[in-house]
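Working notes for the structure below.
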Amino acid sequence: MISKEKELAKISTEILQCKFCLKNKRGLLVVGEGCSNAKIVFVGEAPGKEEIKTGRPFIGRAGKLLRELIALTQISEKDYYILSAVKYLPKNYITPKPKDIEHGKLHLLDQLAVIKPKIIVVLGNTASISLLSEKIKISEDHGKVIVSKNKTEVGLKFFLSYHPAAALYKKK
Ligand code: URA
């Protein structure tokens with residue numbers, strides 16, 4: 001049986017060669033990183049300026065805050081995975097557009113289907129639109145746990161949270 005790590009590496013290669021992502025990107029594509037057996041996955045929005053220089057997720061200001069907050073918990077770096085709803089920083093970046101989210105969802109679901117986490121932490125509205133519904137508003141629904149009854153969706157439990165950038169820029 002092919003290991004989760006190998007399956008994830010295969011998906012990463014597909015993302016890095018994806019024509020749609022390559023056409024829309026600015027800087028490097030960011031596929032995500034973490035432990036392939038992670039029980040918990042954090043899903044953000046899209047890489048920012050720092051991330052597209054290195055290809056690593058959440059290493060800018062918001063990322064440092066997220067990693068610091070996770071470090072305050074019992075969750076070890078070996079136990080989680082970090083992904084984003086969109087794998088590129090869109091040209092003329094403001095917030096990913098529906099077409100970016102719709103496309104990113106294909107890659108995101110592929111990755112989550114391999115990792116099969118117990119819980120997915122949905123960081124902000126873009127991740128929530130991608131994985132759940134446009135009806136959810138993180139400003140109203142943060143802190144809630146949604147248990148998905150739809151068997152076709154990956155992951156059963158979603159924890160809704162503000163994106164860490166919200167604490168820095170009061171925007172998301
Ligand atoms: N915001 C995200 O959602 N992802 C990153 O990698 C960086 C900032």
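For the single chain, residues carry numbers from 1 onward in sequence order. All figures in this text were calculated on a predicted structure; none of them were measured in a lab. Just the heavy atoms: all of them, side chains too, but no hydrogens, waters or symmetry mates, feed the values below. Ligands are counted one by one from 1 in listed order, and the atoms in each one are counted from 1 as well.
By the 4.5 Å heavy-atom criterion applied to side chains, I115 and V41 are counted as neighbours.
At most 12 heavy atoms of other shown residues, nucleotides or ligands fall within 6.0 angstrom of atom CD in E5.
Close contacts between ligand 1 and H163 involve ligand atoms 1 (N), 2 (C), 3 (O) [criterion: under 4.0 Å to a heavy atom]. Heavy-atom contacts of E45 reach the following atoms of ligand 1: 2 (C), 3 (O) (cutoff under 4.0 Å). Ligand 1 places these atoms under 4.0 Å from at least one heavy atom of G44: 3 (O). Listed by atom number, the atoms of ligand 1 under 4.0 Å from A46 heavy atoms are 1 (N), 2 (C), 3 (O), 4 (N), 5 (C), 7 (C), 8 (C).
For residues 38-65, the ring pair (Phe, Tyr, Trp, His ring centres under 6.0 Å) pairs, not counting sequence neighbours, are F42-Y80, F58-H163. Judged as a salt bridge (Lys or Arg N to Asp or Glu O under 4.0 Å), the pairs with a partner in residues 24-38 (not counting sequence neighbours) are, in order, E33-R56, E33-R67.
Using a 3.5 Å distance cut-off with no hydrogens or angles, the side chains of N24 and K99 do pair a donor with an acceptor.
Residue contacts with ligand 1 do not include G60, since none of its heavy atoms lies under 4.0 Å from the ligand. The shortest heavy-atom distance from R56 to ligand 1 is not under 4.0 Å.
Tracing side-chain contacts under 4.5 Å through hydrophobic residues (I, L, V, M, F, W, Y), one never reaches I75 starting from L83; they form parts of separate clusters.
Residue F58 has at least one N or O atom closer than 3.5 Å to an N or O atom of ligand 1.
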